[in-house]
**Q** 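Take a look at this one; I'll ask things after.
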Amino acid sequence: MTPATTDSRLAIASASANAWSRLPAEYAIPQVAPSLKEAHEYCRRLARTHYENFSVATWFLPRNLRQDFLNVYAYCRISDDLGDEVGDPTAALALLDEWQVELDACYAGNPRHPVFVALAETVRKFEIPQHEFSDLLTAFRQDQTITRFEAFSDVLAYCRYSANPVGHLVLYLCGYRDAERQQLSDYTCTALQLANFWQDVSIDYAKRRIYLPLEDLRRHSVAEEDLGQNRNPPAFCEMMKFEVERARQWFDRGLPLVKKVDKALAVDIELFSRGGQEILNAIERQGFAVLGRRPVISKPRKLALVARAALGRLL
């Protein structure tokens with residue numbers, strides 16, 4: 001090993017140690033693996049304390065699948081935070097590399113992190129290919145170096161890694177592994193990702209990221225710098241109208257999946273699809289003016305979506 005290589009590895013190790021300190025202490029990889037029972041509780045606790053809406057989604061899950069969904073959720077949640085909450089691309093990449101090593105250990109049968117101890121059981125039970133998990137890490141790595149997308153096809157290529165694997169994981173847990181259902185799931189997951197992008201234009205720009213295709217900005221005479229303002233000129237709103245309609249088309253493509261899965265999963269798919277469409281509706285209600293005015297779904301509308309899903313489950 002050359003001195004330059006040694007220095008590089010030491011720098012990565014230093015960046016990694018510093019990065020872990022910026023995240024919740026329980027995210028760190030322990031020296032000794034916990035028991036399976038402790039790992040299950042870790043995943044349940046993470047879902048309860050980190051993401052308030054996840055508990056609502058689990059209302060409609062079959063009881064025998066709930067822990068497995070929590071295990072997958074915990075993996076996705078921490079993976080996302082490693083890429084997005086550190087604030088330093090070099091450090092984030094180092095953490096994602098460590099997380100990849102733990103994923104490899106999970107499939108090799110010797111993980112240490114509680115998420116992977118729990119996930120190993122789920123992986124064995126449902127025979128989930130490793131690439132479905134590692135593809136998400138590809139997206140989070142891209143976030144550290146790619147902050148602009150020239151064409152809509154480039155955005156779709158990003159969604160291929162950032163969103164679509166989540167849908168595949170859900171299908172695996174529910175016993176589906178065919179290409180037809182995965183393709184329909186991809187349409188829905190991509191649509192959800194687009195809806196989130198169009199909702200968070202200002203938030204993403206503050207992080208120096210633009211998910212709107214640059215070719216669309218040019219076509220509508222919108223400058224990148226305009227995204228940092230709160231003025232929402234007509235040209236920008238016209239562009240957002242176009243993007244919202246395009247996202248709706250992707251939701252429409254994915255809706256047939258509802259009729260190709262069992263009732264319990266169909267309720268969840270429809271709930272999330274309608275939730276994503278409500279984001280697009282919220283954007284439209286404020287005249288597509290999202291700069292400095294993040295569209296949100298009101299609590300009554302959220303409750304209506306949940307009630308509708310619950311009614312569908314009962315019927």
**Q** Tyr27 versus Val115: any side-chain heavy-atom pair under 4.5 Å?
**A**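 They are not in side-chain contact.
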
**Q** Drop me the distance from His131's NE2 to Leu137's CG, to the nearest 0.5 angstrom.
**A**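 The NE2 atom of His131 sits 13.5 Å away from the CG atom of Leu137.
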
**Q** Walk me through it: do Leu46 and Ile78 pass the test side chain to side chain contact (heavy atoms under 4.5 Å, CB included)?
**A** CA-CA 9 Å; Leu46 183 66; Ile78 294 182; 3.9 Å; yes

**Q** Check the orientation of Trp99 and Tyr75. Use parallel for under 30°, tilted for 30 to 60°, and perpendicular for over 60°.
**A**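 Trp99 and Tyr75: parallel rings.
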
**Q** Which value, rounded to the nearest 0.5 Å, describes the distance between Thr138 atom OG1 and Gln142 atom CD?
**A**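 Result: 6.5 Å between the selected atoms.
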
**Q** Throw together a table of side-chain donor-acceptor distances under 3.5 angstrom for residues 235-246, partners on residues two or more places apart or in other chains.
**A**
unit_1 : atom_1 : unit_2 : atom_2 : d
Glu243 : OE1    : Arg246 : NH2    : 3.0
Glu245 : OE2    : Arg248 : NH1    : 2.7
Arg246 : NH2    : Asp216 : OD2    : 2.7

**Q** Looking at Arg77 and Ala47, would you say the former's side chain and the latter's main chain have a donor-acceptor pair under 3.5 Å?
**A**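 No; zero donor-acceptor contacts below 3.5 Å.
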
**Q** Tell me, do Phe197 and Leu212 make a side-chain contact under 4.5 Å, heavy atoms counted?
**A**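 They are not in contact (no side-chain heavy atoms under 4.5 Å apart), so the answer is no.
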
**Q** Would you please test Glu150 and Arg218 for salt bridge (Lys or Arg N to Asp or Glu O under 4.0 Å) and show each step?
**A** CA-CA 10 Å; Glu150 175 58 30; Arg218 292 194 297 271; 2.3 Å; yes

**Q** Could you tell me which non-hydrogen atom of Cys189 sits nearest to which non-hydrogen atom of Ala163, and how far apart they are?
**A**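 Taking every non-hydrogen atom into account, O-CB, 3.6 Å.
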
**Q** Taking C-beta and beyond as the side chain, do Leu280 and Trp198 meet within less than 4.5 Å on heavy atoms?
**A**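 Yes, close enough: below the 4.5 Å cut-off.
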
**Q** Provide the full list of side chain to side chain donor-acceptor pair (under 3.5 Å) pairs with a residue in residues 101-114, sequence neighbours left out, each pair given once.
**A**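 The answer is Gln100-Asp104, Asp104-Gln130.
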
**Q** Is there a donor-acceptor contact under 3.5 Å from the side chain of Asn196 to the main chain of Gln193?
**A**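 Here the side-chain-to-backbone pair does not exist.
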
**Q** Can you tell me how far the SG atom of Cys174 sits from the CG atom of Asp268, to the nearest 0.5 Å?
**A**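 Output value for this atom pair is 7.5 Å.
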
**Q** Heavy atoms, side chains only, cut-off 4.5 Å: are Asp186 and Arg253 in contact?
**A**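 Not touching, per the 4.5 Å side-chain cut-off.
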
**Q** Hey, is the main chain of Pro295 close enough, under 3.5 Å, to the side chain of Gln199 for a donor-acceptor pair?
**A**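 Yes; judged by distance alone, with no hydrogens or angles, the pair exists.
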
**Q** Rounded to the nearest 0.5 Å, what's the gap from NE2 on His40 to NZ on Lys37? Could you check?
**A**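 The distance works out to 11.5 Å.
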
**Q** What distance separates Ile210 CD1 from Tyr205 OH, expressed to the nearest 0.5 Å?
**A**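 Going from the CD1 atom of Ile210 to the OH atom of Tyr205 covers 6.0 Å.
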
**Q** Looking at side-chain heavy atoms only, is the closest gap between Arg45 and Glu26 below 4.5 Å?
**A**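 They are not in contact (no side-chain heavy atoms under 4.5 Å apart), so the answer is no.
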
**Q** Report yes if the side chains of Val101 and Asp97 come closer than 4.5 Å at any heavy-atom pair, otherwise no.
**A**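 The answer is no, as the side chains (C-beta and beyond) never meet within the 4.5 Å cut-off.
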
**Q** If hydrophobic clusters are built from ILVMFWY residues whose side chains come within less than 4.5 Å, do Ile29 and Leu93 share one?
**A**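 Result: no, two separate clusters.
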
**Q** Please lay out, stage by stage, how Arg44 and Gln67 fare under the test side chain to side chain contact (heavy atoms under 4.5 Å, CB included).
**A** CA-CA 8 Å; Arg44 289 195 293 269; Gln67 184 64 56; 2.6 Å; yes

**Q** Does Glu38 reach the main-chain N or O of Ser35 with its side chain, forming a donor-acceptor pair under 3.5 Å?
**A**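 Checked: pair present.
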
**Q** Between atom CZ of Arg141 and atom OG1 of Thr145, what is the distance when rounded to the nearest 0.5 Å?
**A**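 With rounding to 0.5 Å, CZ (Arg141) is 10.5 Å from OG1 (Thr145).
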
**Q** Using modelled atom types and a 3.5 Å cut-off, is there a donor and acceptor pairing between side-chain atoms of Arg209 and backbone atoms of Asp204?
**A**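 A pair under 3.5 Å: no.
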
**Q** Taking the six-membered ring for Trp, are Tyr161 and Phe140 ring centroids under 6.0 Å apart?
**A**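 No, too far apart.
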
**Q** I'd like to know whether Leu95 forms a side chain to side chain contact (heavy atoms under 4.5 Å, CB included) with Trp20, so could you lay out the CA-CA distance, the side-chain angles of the two residues, the decisive distance to 0.1 Å, and finally the verdict.
**A** CA-CA 8 Å; Leu95 291 188; Trp20 282 116; 3.2 Å; yes

**Q** Can you check side chain to side chain contact (heavy atoms under 4.5 Å, CB included) on Leu169 and Phe126, steps first, answer last?
**A** CA-CA 10 Å; Leu169 290 170; Phe126 297 97; over 6 Å; no

**Q** Does Arg293 reach the main-chain N or O of Asn232 with its side chain, forming a donor-acceptor pair under 3.5 Å?
**A**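 Checked: no pair found.
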
**Q** Taking the side chain as C-beta and beyond, is there a heavy-atom pair between Leu194 and Phe251 under 4.5 Å?
**A**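 No - every pair of side-chain heavy atoms lies 4.5 Å or more apart.
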
**Q** Give the C-alpha distance, both sets of side-chain angles, the deciding distance and a yes or no for side-chain hydrogen bond (donor to acceptor under 3.5 Å, both in side chains) between Asp252 and Tyr187.
**A** CA-CA 8 Å; Asp252 290 342; Tyr187 292 144; over 6 Å; no

